[in-house]
Amino acid sequence: MNALSASAAISSGRVQLVTFRRQSLTTARWRVLWVALVFALVTVAALMRITYLGLADHGPTRTSLQDALLPSRGEITDRNGVPLARAFPAYALWFNPNAMGEGGSPLVRSPEEVAAELAAIFPTLDEVEVAQRLASGRAGYLRRRVLPEEANRVQAIGELALEMPRETDRHYPQGSMAAHVLGYVAADGNGRVGMEQVLNARLRDPELRGTPTALSIDSRVQGALEDELRSGMLAVDAIGAAGIVLDVDTGEVVALASLPEFDPNRIDKAGAANMFNRVTNQVYELGSTFKPLTVAAAIDAGVVRDMERNWNAEPVEVGRFTIKDLKPKGDILNVPQALIYSSNTVTARVADDLGAERLRKTMIDLGMSERPYIELPARGHPIWPGDDWPRLRNMTVSYGHGIAVTPLHLASAYAAMVNGGIWRPATLHKLDAADVPRGRRVFKASTSARMRQLLRMITLYGTGRNADAPGYRVGGKTGSAEKPGNGGYRRSSLISTFAAAFPMDNPRYVVIAMLDEPQGTVASSYQRTAAWNAAPIVAKLVPRIGPLLGIQPDATREVDISDLRPLVEKGDH
């Protein structure tokens, strides 16, 4: 009996063990199933989230190697590698009305208090406008281009709604320098106005933006040009100024300035009003600076052969019009004297002998009938006299009236007149020797050599004396023209220009300095003409930029004018 009880107990224990094992296995299977089910639900939820983000365009974007390693926009440098425009990480000031949750006030303090604190950090902000923006509850930028120290001060205000997102910004290390050359980058990431607009595709191209783009500008020369133009403009209370330094052999623009300028780092209403480029977009009657071009055309055509020939310098009557000299120097003048004294009457008679067709062709060959050749998008169309020039129009064009061009037109024309006779288009790209265009011949080499003598004589004996810089052998011509208005010319509004080149024994650079509506002041001896205001700008500029461009002053060298000097010195000066 006891044996049977023991056997039954053993059998019962085995049954319980098997049952326990089966229950454990079942439990384990259910746990695995639940884990798998939870995993599946998580996976489905993740997929749904990814799908939602993709459809909502908020999902993560794929970053290419170029985007990860290269700036978002390529760098612009001057011809020597000095950075003029570059991309860098920056902050922005963003107003987020939902920072404190929907339905509640986004600000701890009043909009007026917050706006006042922001105005203390950013003085150019319109405090009233910012307060209205904060009170409206509209999300958006309050300011772009915020410096790190400014971002720290904003954070110290303690308003969660004032967010400081990081973004890539365009920075111009030289400030407003060369602003009209560079332009700026708008909020949409595209360039505006200057070379930023011209080079927009290249600067954004992932294949190209890693390599800086070199311009023809020399930042040292650019700074000197702007400085001297600004000083000259302020000294005579002019409303504006323009200037250019041009390589006569390549057409490269070494410096180009239009004043007043703007700051491409901060585009405001005042800056937007100053974006107009006086060098390439505004056309002017540039007056007597055209006289050497007329004389060069006449020499080239054989109309002026003998420099000793005396020309009638009395007033010229054409119909009901009379052409006179501002300051008559006698009844007869030879050509060197006519240029030195800036005679309208002799120049008009030279043009009359030359004929309208030949003078017109010379002006066309010099590019005067078309927009200036340069990469900038803003290029003014000349006021061109048309195809058929009457006798009077031919005469007035000869001394720079009845035709309006940009200062850049004049610079390119003077380069052709002094470089041996070859006209080349101006460019803002740095050129290798192999890339310099061949250009087109406008004047004979002998004519160019004669004009170098005559231009030098103007600064030694004539209206350009205030432009002479010792040791640099500057040559050039003044030009003062009244601005046209309703019913005729405005005698109180002048455009004063000095067009120069140096050194005249082997010209390397053309320099143009122009003042818009200069006034007679103590600085200009109460004179408003170019001889007293534009010419001195060149005299101060050339010694500053000459050494930078590899041209040292040399008092032992001079242009050979031995055959022309007696023709001028025999008169009463």
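Side chains included, hydrogens not; waters and symmetry mates left out as well; all remaining heavy atoms used.
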>> Applying salt bridge (charged side-chain N to carboxylate O under 4.0 Å, His left out) as the test, list every pair that has at least one member in residues 105-130; sequence neighbours left out.
In response: Arg109-Glu117, Arg109-Glu159
>> A side-chain contact here means heavy atoms from C-beta on lying under 4.5 Å apart; do Phe502 and Val538 qualify?
In response: no
>> Using the ring-ring contact (aromatic ring centres under 6.0 Å, His included) criterion, which residues pair with Phe262? Sequence neighbours excluded.
In response: His180
> Less than 4.0 Å between a side-chain N and a carboxylate O, is that true for Glu228 and Lys540?
Replying inline: no
> Asn190 and side-chain hydrogen bond (donor to acceptor under 3.5 Å, both in side chains): which partner among Arg73, Gln197, Arg204?
Replying inline: Arg204
>> Nearest 0.5 angstrom please: Gln174 CD to Asp263 CG, how far?
In response: 11.5 Å
>> I need the minimum non-hydrogen distance between Gly189 and Asn200, along with the two atoms involved.
In response: O-OD1, 4.1 Å
>> Are the side chains of Pro173 and Leu84 in contact, using a 4.5 Å heavy-atom criterion?
In response: no
> What residues, two or more places apart in sequence or in another chain, satisfy side-chain hydrogen bond (donor to acceptor under 3.5 Å, both in side chains) together with Glu252?
Replying inline: Arg79, Thr250
> Heavy atoms, side chains only, cut-off 4.5 Å: are Met368 and Pro385 in contact?
Replying inline: no
Return a table of donor-acceptor pairs under 3.5 angstrom between the side chains of residues 87-96 and protein atoms on other chains or two or more places apart.
from, atom 1, to, atom 2, distance (Å)
Asn96, OD1, Asn98, N, 3.1
Asn96, ND2, Glu163, OE2, 2.8

> Can you name the closest pair of heavy atoms from Pro407 and Val279 and give their distance?
Replying inline: CD-O, 3.4 Å
>> Asp188: which residues meet the salt bridge (Lys or Arg N to Asp or Glu O under 4.0 Å) condition with it, sequence neighbours left out?
In response: Arg192
> Going by heavy atoms in the side chains, are Thr521 and Asp237 under 4.5 Å from each other?
Replying inline: yes
> When you look at Arg424 and Ser412, which way does the side chain to side chain donor-acceptor pair (under 3.5 Å) test go after all the steps?
Replying inline: CA-CA 7 Å; Arg424 292 182 178 88; Ser412 295; over 6 Å; no
> For Trp423, what residues pass the ring-ring contact (aromatic ring centres under 6.0 Å, His included) criterion, not counting sequence neighbours?
Replying inline: Tyr373
